[in-house]
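Here's the structure we're looking at; comments come further down.
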Amino acid sequence: MGHVRQLRATTLRMICALALTLVALAANAQTYPSKPIRIIVPYAAGGAVDIIARIIGQPLSEQLKQPVIVDNRPGASANIGMELAAKAAPDGYVLLMASNGIATNMALFPTITFNGRRDFAPIARIGFAPLVIVVPASSPAKSVKDLIAMAKAEPGKLTYASAGNGSSSHLAGELLKSSAKIDVLHVPYKGGAPAITDLLGERISFMPNNSVEVIAHIRSGRMRALAVGSDKRVPLLPDVPTVAEAGLPGFEATVWWGLVAPAGTPLEIVATLNADTNKALGDPAIVNKLADLGVVIGTGTPDQFARFIQAQTELWSGVIKAAGIKPD
């Protein structure tokens, strides 16, 4: 009998604690925000994810009337920062600048302690930049069809660079290999910068890379863009065809960004952040800043962003499994 009473008391305490938590979250949602908001960037300062976070953080701060602080937490292929965000209090004061890793790292790192779909509440998609298949200016390949023909003529001879095993450039290269049924050699680097250096030095045949990092080289004429990995042509490179136009229908490989919060964040706070993010993305000054980087803005609802993350998770998990990709 004493055991039953103890069990009931324990259950009652748990129910009371849960009720108090729910009351606190509800009260927080009504007064939100009342203190600075932190956006965790799981990469080092200066990269594309960091730049996007800082661009969007400024107008968000103005609209929310609170400081928005970018907190760089790089390491372990973005897993350190993502885990920190996943385990933060779901009160709207810690957000994550999410990108491709939230959809790919579960397949790449089966032992990570968080789930990219279960442990986050999507807020708003910010936009994307297509991965651009680029070659050195001296390359005889003038199109993706040329590149595929060269690869098929000499299997295993052409090389493609990536920013590292499991990176977006690596996954895009493997998707191209399987879609075109070609045999090319993957050469992983420790980051995009040294890979680009070797591509410019003509030590690598081609590279799929995000437009943010290669647009200056394309404009200078040191690189040639063969195709973009988006589903349609992009304003930054209007004369460059899509990979689908080049004869590989359904091919799509982009880098993308969006804001998420820890799972359990009140819907009212998610709705506030979604509305303010979408409003910021309608500001002509922000539009121009992102466009200069090659970012195509893609606003929407939290549900639409959730469906997008799910689709990306399914696509790249399949590519990772089929190619047997292992991270560095």
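Below, each value reflects all heavy atoms present in this structure, side chains not excepted, and no hydrogens, waters or symmetry copies.
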All pairs passing side-chain hydrogen bond (donor to acceptor under 3.5 Å, both in side chains) where [range] contributes a residue, at least two apart:
range            : value
residues 248-266 : Trp256-Gln312
residues 276-292 : Asn274-Asn278
residues 116-134 : none
residues 100-111 : Asn79-Asn105

As an exercise, state the distance from [atom1] of [X] to [atom2] of [Y], rounded to the nearest 0.5 Å.
X      : Y      : atom1 : atom2 : value
Thr159 : Ile204 : OG1   : CD1   : 4.0 Å
Phe308 : Thr313 : CZ    : OG1   : 9.5 Å
Leu200 : Arg222 : CG    : CZ    : 4.5 Å
Ser139 : Arg224 : OG    : CZ    : 6.0 Å
Asp231 : Phe128 : CG    : CZ    : 6.0 Å
Leu84  : Ile40  : CG    : CD1   : 4.0 Å

Residue pairs fulfilling salt bridge (charged side-chain N to carboxylate O under 4.0 Å, His left out) with at least one residue in [range], sequence neighbours excluded:
range            : result
residues 35-61   : Arg38-Asp71, Asp50-Arg54
residues 300-315 : none
residues 169-180 : Glu174-Lys177

List the atom of [X], the atom of [Y], and the distance in Å for their closest heavy-atom pair.
X      : Y      : answer
Gly282 : Val287 : C-CG2, 4.3 Å
Gly264 : Pro90  : C-CB, 3.6 Å
Pro59  : Ile286 : CG-CD1, 3.8 Å
Pro42  : Met97  : CD-O, 3.7 Å
Pro130 : Gly229 : CB-N, 3.9 Å

For Ser162, side-chain hydrogen bond (donor to acceptor under 3.5 Å, both in side chains) partners two or more places apart: His186
Would you tabulate the side-chain donor-acceptor contacts of residues 143-150 under 3.5 Å, counting partners in other chains and residues two or more places apart, or write 'none'?
| from | atom 1 | to | atom 2 | distance (Å) |
| --- | --- | --- | --- | --- |
| Ser143 | OG | Lys145 | N | 3.4 |
| Ser143 | OG | Asp146 | N | 3.1 |
| Asp146 | OD2 | Lys142 | N | 2.9 |
| Asp146 | OD2 | Ser143 | N | 3.4 |

Within-4.5 Å side-chain heavy-atom neighbours: [X] and [Y]:
X      : Y      : value
Phe120 : Ile102 : yes
Leu259 : Leu273 : no
Trp316 : Leu175 : yes
Ile112 : Glu83  : no
Ser178 : Phe251 : no
Leu176 : Pro208 : no
Met207 : Ser169 : yes
Ile196 : Val134 : no

Would you say [Y] ends up clustered with [X] if hydrophobic residues are merged whenever their side chains have heavy atoms under 4.5 Å apart, either directly or through other cluster members?
X      : Y      : result
Ile39  : Ile309 : no
Ile269 : Ile56  : yes
Val260 : Tyr43  : no
Val295 : Val70  : yes
Ile133 : Tyr189 : yes

Please step through side chain to side chain contact (heavy atoms under 4.5 Å, CB included) for the pair Val41 and Ile52, ending with a clear verdict. CA-CA 10 Å; Val41 171; Ile52 302 299; over 6 Å; no
Walk me through it: do His170 and Tyr160 pass the test side chain to side chain contact (heavy atoms under 4.5 Å, CB included)? CA-CA 9 Å; His170 180 197; Tyr160 82 90; 3.2 Å; yes
Quick one: side chains of residues 60-68, donor-acceptor pairs under 3.5 Å with protein atoms, not counting sequence neighbours, listed by atom name and distance.
| from | atom 1 | to | atom 2 | distance (Å) |
| --- | --- | --- | --- | --- |
| Ser61 | OG | Gln66 | O | 2.8 |

N/O donor-acceptor pair under 3.5 Å between Tyr93 side chain and Ser34 backbone: yes
Let me check something: any side-chain donor-acceptor pairs from residues 233-241 under 3.5 Å, sequence neighbours excluded? List them with distances.
| from | atom 1 | to | atom 2 | distance (Å) |
| --- | --- | --- | --- | --- |
| Arg233 | NE | Glu245 | OE1 | 3.4 |
| Arg233 | NE | Glu245 | OE2 | 3.0 |
| Arg233 | NH1 | Pro238 | O | 3.2 |
| Arg233 | NH2 | Glu245 | OE1 | 3.1 |

Audit row: Ile123, Phe305, side chain to side chain contact (heavy atoms under 4.5 Å, CB included) steps and yes/no: CA-CA 7 Å; Ile123 293 170; Phe305 189 29; 5.7 Å; no
Give the table of side-chain donor-acceptor pairs shorter than 3.5 Å for residues 210-217, with sequence neighbours excluded, one pair per line with atom names and distance.
| from | atom 1 | to | atom 2 | distance (Å) |
| --- | --- | --- | --- | --- |
| Asn210 | OD1 | Val212 | N | 3.0 |
| Asn210 | OD1 | Glu213 | N | 3.1 |
| Glu213 | OE1 | Asn209 | ND2 | 3.4 |

Please test Met82 against Leu96 for side chain to side chain contact (heavy atoms under 4.5 Å, CB included), starting from the C-alpha separation and ending with a verdict. CA-CA 7 Å; Met82 287 195 285; Leu96 173 72; 3.9 Å; yes
